[in-house]
2 protein chains.
Amino acid sequence: MTKAPRSGPYICGIDAALDVVSGKWKGLILWELDEHGVRRFAELRRGLPGVSEKMLTQHLREMEADGLVHRQVHAEVPPRVEYSLTEHGHTLNTALAPLGAWGVDRLRRERSDLVEHRDAAALPRP
Amino acid sequence: MTKAPRSGPYICGIDAALDVVSGKWKGLILWELDEHGVRRFAELRRGLPGVSEKMLTQHLREMEADGLVHRQVHAEVPPRVEYSLTEHGHTLNTALAPLGAWGVDRLRRERSDLVEHRDAAALPRP
DNA sequence: CAGTATCCGAGTTGATACTG
DNA sequence: CAGTATCAACTCGGATACTG
């Protein structure tokens, strides 16, 4: 088994939306796929420094089940699997944009991680 | 102890933002405080059907530490404690609005919980 | 009223090894 | 390459009981 099907009913939309993006790497996966359009398993892995194969697979499966991600398997040797966002995944990403901006502000306020304070420059990745 | 201080650094804003709203009731707490302005402990409890005192306290403490919630203690008998959103909490809520709308759409698509299908009417709580 | 303190089971994440 | 399988930590959330 992979995911807890959520115990009770959703009380509001925020609730229902947070449920599908809660997971250590889901926000990043969404961002990565939105940025590049199509990504192979190994490419995603490289884009998410520190993720384990297990977690990446698990998150991708859940997001596929939630209708956010499309999984295209090419019957070749060596195997090739491509992941991309579905329409819903894309609209979710759009809805996530303001939150991303807020997060960047939060990071700026705390100037902790991400920027090592050497330069007020580049804060990539919305 | 209450919360894992997060292992690694944040990679993007989405990441940093999701970290502060991930928790079973945080989205609802934000919504409740934004809606009513100021709420006492027991009022919040009533507004979040099913929450335990422990989780409510824990989430409120974390959100206070994250600078989202202000906690005002009145030195009275019986004790009175009032919670409200800080400026950051309010902007976060605003940034969360599109996500809430997406969530409502998701619920409509699946017509699962929330609406029992008897009527296409009321879908309260953004 | 507004919490704290404990205990516990379930769920989530991580590390490692193996496969078609 | 793109995964599975397994085991072990670690967290999260819930239940219960008690306090200033």
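Throughout, a chain's letter reflects where its sequence line sits, starting with A, and its residues are numbered from 1.
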- prompt: Any idea how A:Tyr83 and A:Phe41 line up, ring-wise: parallel (<30°), tilted (30 to 60°), or perpendicular (>60°)?
  reply: tilted

When all nucleic acid strands are considered with a 4.0 Å heavy-atom cut-off, which category describes B:Arg71: base, sugar-phosphate, or nothing? sugar-phosphate

Taking C:dG3, D:dA2, D:dT6 as options, the one with an atom nearest any side-chain atom of A:Lys54 is D:dT6

pair_partner(C:dG20), Watson-Crick or wobble, both distances < 3.5 Å, evaluates to D:dC1

From CE of A:Met55 across to P of D:dA2 the rounded distance in Å is 19 Å

Is the shortest side-chain N/O distance from A:Tyr83 to OP1 or OP2 of D:dC1 below 4.0 Å? no

Taking donor-acceptor contacts at under 3.5 Å, does the side chain of A:Lys24 reach the base of C:dT12? no

In whole angstroms, the gap separating C1' of C:dT13 from CD1 of A:Ile29 amounts to 14 Å

* Asked: Do any side-chain nitrogens or oxygens of A:Trp25 fall under 4.0 Å of OP1 or OP2 in C:dG14?
  -> yes

B:Glu32 and B:Leu48 have their tightest heavy-atom pair at OE1-CD1, 4.3 Å

query = Are the side chain of B:Asp15 and the backbone of B:Tyr10 linked by a donor-acceptor contact shorter than 3.5 Å?
reply = no

Report task. Looking at every strand, decide which applies to A:His74 at a 4.0 Å heavy-atom threshold: base, sugar-phosphate, or nothing. Result -> nothing

Determine: side-chain N/O of B:Arg61 to OP1/OP2 of C:dT4, distance under 4.0 Å, yes or no. yes

Taken to the nearest whole Å, CG/B:Leu48 to P/D:dG13 is 13 Å

| field | Short side-chain N/O contact to C:dA2 OP1/OP2 from B:Arg40, under 4.0 Å | value | yes

*asked:* Under 4.0 Å, counting only non-hydrogen atoms across every strand here, what does A:Arg45 touch: a base, just sugar-phosphate, or nothing?
replied: nothing

Q) Cationic tip of A:Arg109 within the cone over A:Trp102's six-membered ring, i.e. under 6.0 Å and within 45° of the normal? A) yes

